[in-house]
Amino acid sequence: MSLSLQSPPSATATLSASIQKGRLKTLAAGFSLGSPPVVNFSLRRSIPRIHASASSSSSSSSPSSPSLGAGENSELDAVSAFSEIVPDTVVFDDFERFPPTAATVSSSLLLGICGLPDTIFRNAVDMALADSTCAGLDTTDSRLSCFFDKAMVNVGGDLVKLVPGRVSTEVDARLAYDTNAIIRKVHDLLRLYNEIDVPHDRLLFKIPATWQGIEAAKLLESEGIQTHLTFVYSFAQAAAAAQAGASVIQIFVGRLRDWARNHSGDTEIETAVKSGEDPGLALVRRSYNYIHKYGYKSKLMAAAVRNKQDLFSLLGVDYVIAPLKVLQSLKDSPAIHEDEKYSFVRKLTPDTATHYNFTNKELIKWDQLSLASAMGPASVELLSAGVEGYANQAKRVEELFGKIWPPPNV
C-alpha cells in the first residue's frame with residue numbers, strides 16, 4: 001500500500017548524527033486544549049512488515065523486546081502490515097525505538113525550542129529573528145508575523161533534512177475562518193521554503209477543517225499544493241474535505257469518545273452509540289468507506305487512539321497515530337492471540353467500502369450551509385476548541401519573539 005507521507009529513506013543517517021549532537025527532549029509543555037502533539041513521526045520502513053498469509057521470519061523479531069523469542073513477529077509487525085503507524089511523540093530520544101520518517105512543525109514546537117536553547121533547532125529560530133527583511137518592516141505586528149513565518153520555515157527546512165518523509169507545516173489558526181488569508185499565508189510559507197530549496201513534494205500544510213479551511217484546501221490542491229486538514233469531528237467535515245481533494249484528513253477518535261461520555265444531544269454520536277459503536281471509530285470507518293467507495297484521493301489519519309483495541313479496530317486506515325505506551329506494548333507482545341477481539345484482520349478495505357451504503361443526505365455536494373447544518377454540537381465545540389488552542393499558541397510565540405528580539409550577537 002503506497003502512502004503519501006513516505007519518501008525514500010535517505011536521511012536516516014543524518015538524523016542519527018544530528019540527534020547525537022544535541023538531543024531535543026520533550027516539547028510537551030505549553031500544549032492547550034485541542035492541540036495534538038507537535039512532532040508526528042511515521043514508521044514506514046523502519047519496522048519489519050508481515051503479510052496476512054506470510055509465516056514468521058526471524059528477521060522481524062525485535063532484539064529489544066524481552067517478551068519475544070527468536071523468529072517471533074510482534075503485534076507491531078502485524079498491525080504495520082495494514083496501516084502506517086505514527087508515534088504520538090514529541091521526544092526525539094524515541095527515534096531508536098520508533099524511527100522518525102515524517103514530522104510536523106507548529107507553534108507548539110517553536111515554543112518548546114525557545115524553552116530549550118541547546119536544541120538542534122535553536123539556530124533556526126535565531127536565524128529567523130536575525131532576518132533583515134523582517135526586522136525592516138514598519139509595524140511591530142508585521143515584524144513579529146514575519147519572524148514567526150521565518151522560524152516555522154527554518155525549522156521545517158531542518159526537519160526536511162532530518163526525516164525522509166514529508167513535513168507538515170501548521171498554518172496560523174488565527175486565519176482559520178478566512179479562506180483568502182489562509183491561501184495567502186500558505187503562498188508566503190511556500191515562497192520561504194522555495195528560498196531554502198525545499199521541494200514542494202516534501203511539504204504538507206496543516207489547516208483547520210472549518211468551511212473556510214476546506215475551501216482553501218480545495219484551491220491550494222488545484223495548484224498542486226498538498227494540504228492536511230485537521231480537527232475533523234463529523235462525517236460532514238470528512239466528506240467535504242474529501243470532495244475538496246485534501247491530501248490528508250485527520251480524525252480524532254479519542255476526543256469524540258471523551259465528548260460522548262460527558263455530553264449529549266449530538267445526533268451523529270448518538271446514532272453510533274445506539275448501534276453499539278464507538279463514535280470516533282465509527283466516524284473513521286464511515287469516512288474511509290466514503291473516500292474509497294467514491295474514489296477520492298484523500299488519505300485518512302486516525303489520531304487520539306487510546307489503546308490497542310482502538311488500533312486493531314482501525315486496521316486498514318492509512319495512518320494511525322498511537323501513544324508510545326501502546327506502541328511499546330505492541331512491540332513487546334508476540335502476534336499470537338486466540339481471543340477474537342485481538343485477531344489481526346484488516347477491518348477497512350477498499351473492497352468492503354464498495355458495499356457500504358450511504359444515505360442521500362450524506363451524498364450531497366457539500367457547501368457552507370449544508371456543512372453548518374450537518375455539524376452537531378460535538379464537532380462544533382471540538383473544532384472551535386482546537387482552533388482556539390492553536391491560535392493561542394501562535395500568539396504566545398509572537399509575544400515571546402517580541403521579548404527576545406533581537407537575539408544575542410545580532
(message) Just to verify, which of L229, V248, T230 counts as forming a side-chain contact (heavy atoms from CB on, under 4.5 Å) with K206?
(response) T230

(message) Taking L300's backbone N and O only, do any of them form a donor-acceptor pair with D318's side chain (distance below 3.5 Å, no angle check)?
(response) yes

(message) Tell me every residue that passes disulfide (SG to SG under 2.5 Å) with C146, counting only those two or more places apart in sequence or in another chain.
(response) C134

(message) Tell me whether E170 is salt-bridged to K185, with the criterion being a basic N under 4.0 Å from an acidic carboxylate O.
(response) no

(message) I'd like to know whether the aromatic ring centres of Y390 and F231 sit less than 6.0 Å apart in this structure.
(response) yes

(message) Checking the side chain of S83 only, and the main-chain atoms of I85 only, is there a donor and an acceptor separated by less than 3.5 Å?
(response) no

(message) For a 4.5 angstrom cut-off between non-hydrogen side-chain atoms, does W259 reach P377?
(response) yes

(message) With rounding to the nearest 0.5 angstrom, report the NZ to CD distance, K299 to E84.
(response) 10.5 Å

(message) Checking side-chain contact (heavy atoms from CB on, under 4.5 Å) between S107 and each of V397, D172, N392, which is the one that passes?
(response) V397

(request) If the plane angle is over 60° it's perpendicular, under 30° parallel, otherwise tilted; pick one for F235 and F358. (result) parallel

(message) For the CD atom of E398 and the CG atom of L400, what is their distance to the nearest 0.5 Å?
(response) 11.0 Å

(message) For V160, is there any backbone N or O sitting under 3.5 Å from a side-chain donor or acceptor partner on R202?
(response) yes

(message) Salt bridge or not between E270 and K274? Use side-chain N to carboxylate O under 4.0 Å.
(response) no

(message) Quick test of your reading: applying salt bridge (Lys or Arg N to Asp or Glu O under 4.0 Å), list the pairs with at least one residue in residues 215-228, sequence neighbours left out, ordered by first then second residue.
(response) E221-K297

(message) Under the rule for side-chain contact (heavy atoms from CB on, under 4.5 Å), what residues qualify as partners of V380, not counting sequence neighbours?
(response) M375

(request) Please determine if D126 and R122 form a salt bridge, counting it only when a charged side-chain N lies under 4.0 Å from a carboxylate O. (result) yes

(request) Side-chain contact test, heavy atoms from C-beta onward, threshold under 4.5 Å: evaluate it for Y294 versus I291 and give yes or no. (result) no

(message) For L371, is there any backbone N or O sitting under 3.5 Å from a side-chain donor or acceptor partner on W366?
(response) no

(message) Whether the side chain of Q226 engages the backbone of A246 through a donor-acceptor N/O pair (distance < 3.5 Å, no angle test) should be reported.
(response) no

(message) For D77, is there an ion pair with K331 - N to carboxylate O distance below 4.0 angstrom?
(response) no

(request) Tell me, yes or no, whether the heavy-atom count around N360 atom CG, taken from other residues, nucleotides or ligands under 6.0 Å, exceeds 12. (result) no

(message) Taking the cut-offs as 6.0 angstrom to the six-membered ring centre and 45 degrees off its axis, would you call R255 and F252 a cation-pi pair?
(response) yes

